[in-house]
Novice: 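Take a look at the following structure, please.
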Amino acid sequence: MKKLKFQQQFNLNYSLNCGQTFNWTNQDDCWYGVIKNDVYCLKQDDNVIYIDSTDSDCINTMKKYFRYQDNYELIISCISLDPFIQTAIQNFSGLRLIRQDPWECTLSYLCASNTNISNIRKMLDNLSKKFGNRLTFHDKQFFTIPSPSTLSNAYLSDLIKCKVGYRAKYIKRSAVFIDQNSYIFDELKIMNLINARKKLSDSCEMFGVGPKIADCILLFSHDMLDSFPIDTRILQTIKQYYRYLLDPEMYKIQNDKSTLTSYQYEYLSKIMIDYFGPYAGYAQEFLYCQYGLSDKFTR
DNA sequence: CAGGTC
DNA sequence: CCTGG
């Protein structure tokens, strides 16, 4: 058992359970999760997390994963721009963005279209059980998230057995592409958000990745903290609390339930990033959680 | 109808 | 569109 003390605010539950990541489970008063080929068991006490893991370098892995180096207080002060987000920040104080592995993040969000969090968890769990490697820890079974090469060789029919539905072809095609072109993740890291999003969502090789999922991948696994993914919850939040930031012409266009056009998506994204600034992604996560309070929180 | 996309 | 509530 090792320990990691955070100098600034940190809340493990919020960070793992706010819909950024989908393969952690709370069992026996401990958060269990798999990252790459290792199992981690985490508990929090004050600002310390206790770590039990198969990873001998788990302290450093966790420092990276929970963005230990981020200046949390600075970030919070940068985004505390109005009473609504201030409430969200108070309600979820200690929530941190997580730095995920690019492929694991991509696969998770390929599963995330047009469904709910509990179903995303099930899809990922099914994929891991069927295609991942089995690990044993604390007498429990865990499974790694399957690699691009494994999934690129999978039969579509076996993917469909994992209950991913129409996403099976997205997963298969993206896995084939990433297996052959894993360098794309390194290329993205040195691009700016706009170009990186375009590269991901316009690429017909990354089938199933549109602007929203691209923004999630860039925020959660490419250190683009300005990325502000706009999903249904965030769209509702913008309409309710940030409508005054929008050009009235633009507001008129999206008053129904249909999906945003890419033009509308890019417009809204720009407005919100201009407003919240370089750490807009942190703001997005607080707003996402806050919406969960005012609604049936499925998890 | 749910953290969209083709 | 798949699928589950």
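What you see is a predicted model; the values in this text were computed from it and never measured. Proteins get letters first, then strands, A, B, ... in listed order; numbering begins at 1 in each.
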Novice: F207(A) side chain: which of dG4(B), dC6(B), dC2(C) is closest?
Specialist: dC6(B)
Novice: Please tell me which of the listed nucleotides, dA2(B), dT3(C), dG4(B), lies nearest to the side chain of Y166(A)?
Specialist: dG4(B)
Novice: Ignoring the backbone of K163(A), work out which of dT3(C), dA2(B), dG4(B) is nearest its side chain.
Specialist: dT3(C)
Novice: Tell me the interatomic distance from Q236(A), atom CD, to dC1(B), atom P, rounded to whole angstroms.
Specialist: 12 Å
Novice: In terms of relative ring orientation, are Y244(A) and Y275(A) parallel, tilted or perpendicular, with 30° and 60° separating the classes?
Specialist: perpendicular
Novice: On DNA chain B, nearest-nucleotide positions of S203(A) versus T115(A): which is more 5'?
Specialist: T115(A)
Novice: From the options dA2(B), dG4(B), dC2(C), select the nucleotide whose nearest atom is closest to the side chain of R167(A).
Specialist: dC2(C)
Novice: Report yes if a donor N or O on one partner sits less than 3.5 Å from an acceptor N or O on the other, where the partners are the side chain of Y170(A) and the base of dG4(B); otherwise report no.
Specialist: no
Novice: How many whole angstroms separate atom CG of L124(A) from atom P of dT3(C)?
Specialist: 17 Å
Novice: May I ask you to evaluate whether K122(A) reaches the phosphate of dG5(C), defined as a side-chain N or O under 4.0 Å from OP1 or OP2?
Specialist: yes
Novice: Going by number, which of residues 208-228 of chain A have a non-hydrogen atom under 4.0 Å from DNA chain B?
Specialist: G208(A), V209(A), G210(A), P211(A), K212(A), I213(A), C216(A)
Novice: For T54(A) and N37(A), work out which heavy atoms get closest and say how close.
Specialist: OG1-O, 4.5 Å
Novice: Between K199(A) and E187(A) (salt bridge meaning N to carboxylate O under 4.0 Å), is one present in this structure?
Specialist: yes
Novice: Return whichever of Y109(A) or S201(A) has its heavy-atom-nearest nucleotide of DNA chain B closer to the 5' end.
Specialist: Y109(A)
Novice: For the CZ atom of R197(A) and the OH atom of Y265(A), what is their distance to the nearest 0.5 Å?
Specialist: 5.5 Å
Novice: Between C30(A) and C41(A), is the disulfide (SG to SG under 2.5 Å) condition met? List the steps.
Specialist: CA-CA 6 Å; C30(A) 176; C41(A) 166; 2.1 Å; yes
Novice: Closest heavy-atom contact between K212(A) and D231(A)?
Specialist: CE-CB, 3.7 Å
